[in-house]
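All values below were derived from every heavy atom in this structure, side-chain atoms included, with hydrogens, water molecules and symmetry-related copies excluded. The residues of the chain are indexed from 1 along the displayed sequence.
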Amino acid sequence: SSQSAYLNNDMALSAIKNSQHRIHSMSLIHQRLYNSDNLATINMPNYIKDLVEYLKDSFSIGQRIRFEVDIEPLELDVAQAIPLGLIMNEAITNAIKYAFPDNRSGVISIKLEKVSAERYLLNISDNGIGIENDSNKKTNSFGMSLIKGLSDDLEANFLMENKEGTTLKIEFKPEE
């Protein structure tokens with residue numbers, strides 16, 4: 001925040017703002033650990049609810065974008081919760097910034113579920129304009145590279161679909 005007060009360049013201000021969101025997504029996890037008796041796992045429904053509320057407030061979207069959050073009562077190891085939090089931060093931020101241009105309204109859905117005994121699925125989707133097929137700009141952005149890299153760190157299967165909006169699916173095996 002202090003640095004941004006001295007910047008006039010819009011790109012630099014945007015980079016600082018994006019970094020603030022990433023740092024906050026990690027600090028929420030540390031807050032949860034600090035306020036918990038369990039220092040190994042994170043209650044994902046509470047964490048995701050807090051992250052969504054933070055992002056809604058940060059972008060001042062009011063009622064224009066509605067969130068549908070469906071999170072099974074899962075506890076995840078901190079080593080997985082942090083990259084998942086960063087992935088959610090990037091995906092939700094991208095949807096807020098790009099999926100609904102010209103003050104369009106829409107829905108961003110976040111779902112985390114156990115799909116089998118050994119697999120969890122994080123699904124983040126929007127009903128916005130989708131990512132342009134003829135441009136690699138957004139699919140090769142820093143945020144998308146970060147999502148892909150964090151998915152690799154989780155040894156997750158990553159899939160992006162562009163149909164009636166954008167959908168990101170990250171399927172991973174929970175740590176024991």
Are the side chains of [X] and [Y] in touch, meaning some heavy atoms are under 4.5 Å apart?
X	Y	result
Val52	Leu55	no
Phe67	Glu53	no
Tyr54	Ile92	no
Leu112	Met88	no

Quiz item: Which one of Thr41, Leu84, Asn43 satisfies the side-chain contact (heavy atoms from CB on, under 4.5 Å) criterion with Leu76?
Solution: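 Of the listed residues Thr41, Leu84, Asn43, the side-chain contact (heavy atoms from CB on, under 4.5 Å) partner of Leu76 is Leu84.
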
Given the options Leu121, Leu74, Asn123, Glu113 meets side-chain contact (heavy atoms from CB on, under 4.5 Å) only with Leu121

Would you say the side-chain atoms of [X] pair up with the backbone N or O of [Y], donor to acceptor, closer than 3.5 Å?
X	Y	value
Asn162	Ile131	yes
Gln80	Glu175	yes
Arg119	Glu171	yes

Problem set entry | Atom CD of Glu164: over 12 foreign heavy atoms under 6.0 Å |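 Not more than 12 within 6.0 Å, no.
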
In one Ile/Leu/Val/Met/Phe/Trp/Tyr side-chain cluster, 4.5 Å: [X], [Y]:
X	Y	value
Phe100	Val107	no
Val69	Ile87	yes
Leu122	Ile71	yes

First locate atom [atom1] of [X], then atom [atom2] of [Y], and finally report the distance between them rounded to the nearest 0.5 Å.
X	Y	atom1	atom2	value
Ile65	Ile108	CD1	CD1	5.0 Å
Leu168	Glu90	CG	CD	11.0 Å
Thr167	Asn127	OG1	CG	10.0 Å
Asn157	Ile170	CG	CD1	10.5 Å
Asn46	Leu51	CG	CG	12.5 Å
Ile82	Tyr47	CD1	OH	8.0 Å

The complete set of side-chain hydrogen bond (donor to acceptor under 3.5 Å, both in side chains) pairs with one or both residues in residues 60-72, sequence neighbours excluded, reads Arg66-Glu68, Glu68-Ser109

Lys169 vs Glu161, test: side-chain contact (heavy atoms from CB on, under 4.5 Å). Steps then yes/no. CA-CA 8 Å; Lys169 294 180 180 183; Glu161 297 173 343; 3.8 Å; yes

Looking only at heavy atoms, which two atoms of [X] and [Y] are closest? And how far apart?
X	Y	result
Ala91	Ile147	N-CD1, 3.9 Å
Pro73	Pro45	CA-CG, 3.8 Å
Thr93	Phe59	CG2-CZ, 3.6 Å

